[in-house]
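Reviewing the structure listed below.
A, B, ... follow the sequence lines: proteins, then strands. Residue 1 opens every chain.
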Protein chains: 2
Amino acid sequence: MSPHDRSDPSAAPARHTSTAELDAALDAAVAAFAALSSLGRSGRARLLRAVSTALEADRDDLVTTCEQETGLPTSRLQQELSRARFQFEHFADVLDDGAYLEATVDHRGDSPAGPRPDLRRMLLPLGPVGVFGASNFPFAFSVAGGDTASALAAGCPVVAKVHEAHPLTSASSFRAIRRAAESIGVDTGILSLVHGQQAGTELVRHPAVRAVGFTGSLPVGRLLADVAAARPDPIPFYGELGALNVVAVCPAAARARGVDIARGLAGSFTLGVGQYCTKPGLVLIPAGPDGRALRKALITAVGEVPSGVMLSERIAGAYATRSTALAGHAGVTVLAGHSDRRPVDAGGRHGAPVLLEVDPDQLTGDLLEECFGPILLVATYTDVDQLRSIVSRTGPALTGTIHADGTDSEVSRIVLDILVGRVGRIVWNAFPTGLAVAWATHHGGPYPASTSVLHTSVGATAIRRWLRPVCFQDVPADLLPDELRDEPVDHSLARRVDGTLRVTS
Amino acid sequence: MSPHDRSDPSAAPARHTSTAELDAALDAAVAAFAALSSLGRSGRARLLRAVSTALEADRDDLVTTCEQETGLPTSRLQQELSRARFQFEHFADVLDDGAYLEATVDHRGDSPAGPRPDLRRMLLPLGPVGVFGASNFPFAFSVAGGDTASALAAGCPVVAKVHEAHPLTSASSFRAIRRAAESIGVDTGILSLVHGQQAGTELVRHPAVRAVGFTGSLPVGRLLADVAAARPDPIPFYGELGALNVVAVCPAAARARGVDIARGLAGSFTLGVGQYCTKPGLVLIPAGPDGRALRKALITAVGEVPSGVMLSERIAGAYATRSTALAGHAGVTVLAGHSDRRPVDAGGRHGAPVLLEVDPDQLTGDLLEECFGPILLVATYTDVDQLRSIVSRTGPALTGTIHADGTDSEVSRIVLDILVGRVGRIVWNAFPTGLAVAWATHHGGPYPASTSVLHTSVGATAIRRWLRPVCFQDVPADLLPDELRDEPVDHSLARRVDGTLRVTS
């Protein structure tokens with residue numbers, strides 16, 4: 001039985017991975033590292049496209065398994081699987097493009113600081129990495145998610161910690177990816193699964209692991225980030241956590257389309273039963289009739305949203321506790337929803353939407369922290385100074401949203417200037433849930449939005465998390481990676497040569 | 001008295017900065033942040049070039065002050081000041097080029113994962129940052145060093161912790177930079193100095209500090225990295241520390257030019273009294289007559305190198321203790337130098353070169369750790385398997401050097417493959433001391449070479465340490481940074497538009 005077979009979770013998905021099994025998974029990953037590197041960009045692009053094909057081939061099984069396991073609606077899962085496939089294809093495009101390598105050639109020369117040898121720099125894969133699946137995206141942020149796709153694209157074998165909310169989906173995803181690897185003759189040690197909290201912590205501590213990607217809650221993310229930082233050799237820990245996403249509705253926008261904004265907001269914060277890290281958590285609306293109309297429409301819209309099945313009993317329980325506590329805060333009143341009683345069915349997994357109003361002067365402490373679930377706080381500002389003051393009090397976040405119309409240009413610029421300093425993505429006249437996979441995507445932000453403010457977990461540049469620069473000084477051409485030779489095979493590769501960025505070399 | 005005046009160190013350079021003074025320095029930095037950002041790339045390029053001019057204008061004073069304070073030779077200081085100037089000019093070129101912003105525009109469109117809004121991404125400055133000056137480079141890695149230059153280029157105000165080995169040089173550097181800022185009307189809060197160990201630790205903990213750059217020893221670097229990681233909001237800590245740099249001499253190279261290699265090595269490990277993080281610490285030479293000739297030439301060359309004044313009594317004392325301990329290890333014999341007695345003058349700052357021979361089988365533990373000072377270990381390998389085994393035992397480092405000639409191609413490729421996985425820079429047929437400032441430079445590596453394996457402290461890409469991505473979704477053109485508009489003022493800016501990297505937009 002190979003080490004890969006030992007870590008195959010399909011036999012007993014609920015069990016816990018032992019230390020010996022974890023070691024075996026890492027041994028397999030270390031052994032597969034050279035193979036994955038030597039595939040080159042084109043070989044890894046082929047691998048990623050084969051994974052996309054395998055996920056499509058297994059679509060019915062994957063969606064059915066996941067639906068039974070998570071309770072998430074079929075349509076959502078169909079869409080999420082398409083997204084997961086697209087991520088593999090997008091990173092294949094990133095590999096074909098090759099600019100992510102930052103290939104840079106400085107021929108021997110002189111500088112004001114003295115003579116300069118021949119220097120050539122590019123990014124190389126870090127080695128085996130750990131990936132933690134998220135509860136709320138069983139496909140797109142789990143075993144077949146963006147962390148895995150970007151790490152494999154970079155050339156880093158993955159040991160994935162399965163989220164206990166969807167072990168069967170993880171096992172099915174794993175089989176599809178392994179089949180894709182086998183179909184093009186790649187060492188299947190490029191991906192292993194591990195189970196259980198203890199194995200997760202040991203994964204972050206394991207000497208062979210060179211970096212970790214994580215999507216999940218602030219407490220668990222911070223705990224694991226601290227483990228990574230306390231290693232004898234600290235390694236990068238990319239935790240996409242989450243925070244309170246603020247939505248500022250400027251006066252003219254409230255006047256022009258307050259009801260539309262209210263309906264959009266109600267849809268956004270209750271989407272997926274509020275279990276998105278991009279969920280709006282606080283909306284700021286203007287005082288006066290336009291704001292009151294928006295508020296009224298929001299109450300109506302929220303009243304029409306049914307409760308939904310949450311991802312797990314633990315999550316539903318935490319939402320019940322937290323939302324009840326927020327509703328009981330000084331300065332907070334319940335506008336809509338079930339927070340006059342427990343907002344979930346006792347002992348069940350249902351979570352009901354909650355809309356709270358908060359006095360801006362009381363907006364501090366845990367009212368400014370993320371609450372995972374379908375809850376939204378509403379605060380009313382009387383003038384631009386108070387709006388500025390409230391926005392300035394919010395912490396870093398993944399997103400910040402502004403609704404503005406014609407005469408809002410001054411006030412919207414003030415809000416934008418503050419938000420640009422503290423969020424990863426500015427959303428304009430839309431809602432923050434929904435995150436496109438693209439070249440320009442950024443999904444991150446200052447802590448606690450992310451544990452790594454420089455990096456994104458979604459979009460083309462997510463690949464950079466798994467790469468480190470290496471400089472070759474005077475190394476002979478035949479020992480250089482092809483991308484650094486004077487005449488690389490891929491002539492279309494973007495490179496910087498003697499200080500000038502060239503798209504065709 | 002402005003906060004800047006309060007943090008002006010020229011009055012009493014040896015004192016310790018109080019918490020109130022540190023706060024004032026950060027208040028000034030926060031206030032200067034917007035001004036530095038709004039200068040734009042061209043304004044900051046002008047600032048950096050003005051700094052270079054100011055450093056040149058003060059050259060005599062800077063070099064004289066530094067010589068008196070550090071005991072470093074004038075010629076070296078002249079050269080280092082030129083290097084420091086060049087770093088400011090190089091980052092001005094990086095700003096003019098602008099590709100470092102990674103400006104990316106994805107117009108609204110469709111994707112296999114659904115419709116995509118207009119997304120535009122670029123890098124923005126993090127905010128005020130802390131910079132720790134190094135003992136061994138009073139210009140190029142201190143107040144007027146690469147961390148300061150790259151941070152100001154990025155748009156981040158700097159609070160610099162002065163190294164206690166050269167407070168007067170730091171004060172003079174500070175005055176030159178401030179004068180440059182004043183000459184072009186930039187808020188002088190862009191740079192403040194703080195003094196003392198306590199203020200340094202508080203700087204890393206300070207809520208207004210968004211990242212820290214550090215060059216120095218492993219123990220201090222790790223201590224401060226841990227402080228950064230333990231903050232309520234962890235921040236990036238870029239510690240350029242150091243490790244054992246290995247030099248592998250392949251058989252044909254030893255045969256063809258063993259004596260030259262020996263002389264070059266002797267010069268490299270004793271350069272600057274061995275006080276460079278790129279100093280070679282271990283050389284591997286082949287058994288047999290060629291290796292013996294090299295070894296003999298090395299002993300001769302080392303015997304001709306006089307002792308030198310080290311940077312401080314503390315450093316000289318540590319070198320004495322550590323080199324004596326290494327010489328006393330099992331399997332170690334003294335080939336040359338003064339390690340039969342203390343290798344420094346008792347109570348003084350002189351450090352004498354030491355050459356030790358080590359049995360490869362005994363090469364473990366602290367023999368594989370950096371020893372700061374003019375000491376080199378020699379190990380002899382009998383065949384390629386033993387060479388591979390020794391190289392595999394060395395840890396991550398800033399550099400790895402290979403000397404190879406015609407028939408060494410197989411053995412050199414084996415060594416290269418191992419070193420590429422663990423060092424930041426491969427040096428071919430040269431010596432690792434000496435590090436050019438260029439676009440392709442990388443000065444870093446896996447821990448403990450650096451606390452941040454993805455980043456460099458030298459070269460064009462050092463600017464990235466101070467930048468974070470922000471994505472603008474559907475934001476109107478007039479509120480976008482110019483670099484993200486459909487028609488940016490700078491038409492030569494490299495951008496990726498709808499997936500295609502374009503050098504002229």
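A:Ser452 does not touch chain B: none of its heavy atoms, backbone or side chain, sits under 4.5 Å away. A:Asp478 touches chain B through backbone and side chain together, each having a heavy atom under 4.5 Å away. Heavy atoms closer than 4.5 Å to chain B are found in both the backbone and the side chain of A:Asp106. For a residue to count as touching a neighbouring chain, one of its non-hydrogen atoms must lie under 4.5 Å from one of that chain's; by this rule A:Ala230 touches chain B with the backbone only. Of the two parts of A:Pro234, the backbone and the side chain both hold a non-hydrogen atom closer than 4.5 Å to a non-hydrogen atom of chain B. Heavy atoms of A:Leu124 lying under 4.5 Å from chain B belong exclusively to its side chain. With a 4.5 Å cut-off on non-hydrogen atoms, A:Val423 touches chain B through its backbone but not through its side chain. Residue contact with chain B, scored on non-hydrogen atoms closer than 4.5 Å, is absent for A:Leu435.
Nearest heavy-atom pair, B:Arg425 versus B:Pro432, reported as atom, atom and distance to 0.1 Å: NH2-O, 2.9 Å. Nearest heavy atom pair, residue A:Leu454 against residue B:Pro236, reads CD1-CG, 4.0 Å.
Ring geometry, B:Tyr238 versus B:Trp466: the interplanar angle exceeds 60°, so the pair is classed perpendicular (tilted spans 30 to 60°).
A:Arg85 and A:Ser52 are linked by a side-chain donor-acceptor pair at a separation below 3.5 angstrom, with hydrogens and angles left out of the test. For the residue pair A:His107 / A:Asp118, no side-chain donor-acceptor distance below 3.5 Å is found, with atom types taken as modelled. Under 3.5 Å, the side chains of A:Arg231 and B:Tyr447 contain no donor-acceptor pair of N or O atoms.
The stretch residues 455-463 of chain A places A:His455, A:Thr461 near chain B, each with some heavy atom under 4.5 Å from a heavy atom of that chain.
No donor-acceptor distance shorter than 3.5 angstrom exists from the side chain of A:Glu483 to the backbone of A:Ala103, with no hydrogens or angles considered. In this structure, the side chain of B:Asp408 engages the main chain of B:Asp405 through a donor-acceptor pair within 3.5 Å.
Among A:Gly109, A:Pro232, A:Ser37, the residue making the largest number of heavy-atom pairs under 4.5 Å with chain B is A:Pro232.
Here the side chains of B:Arg83 and B:His90 are not in contact, with every heavy-atom distance at 4.5 Å or above.
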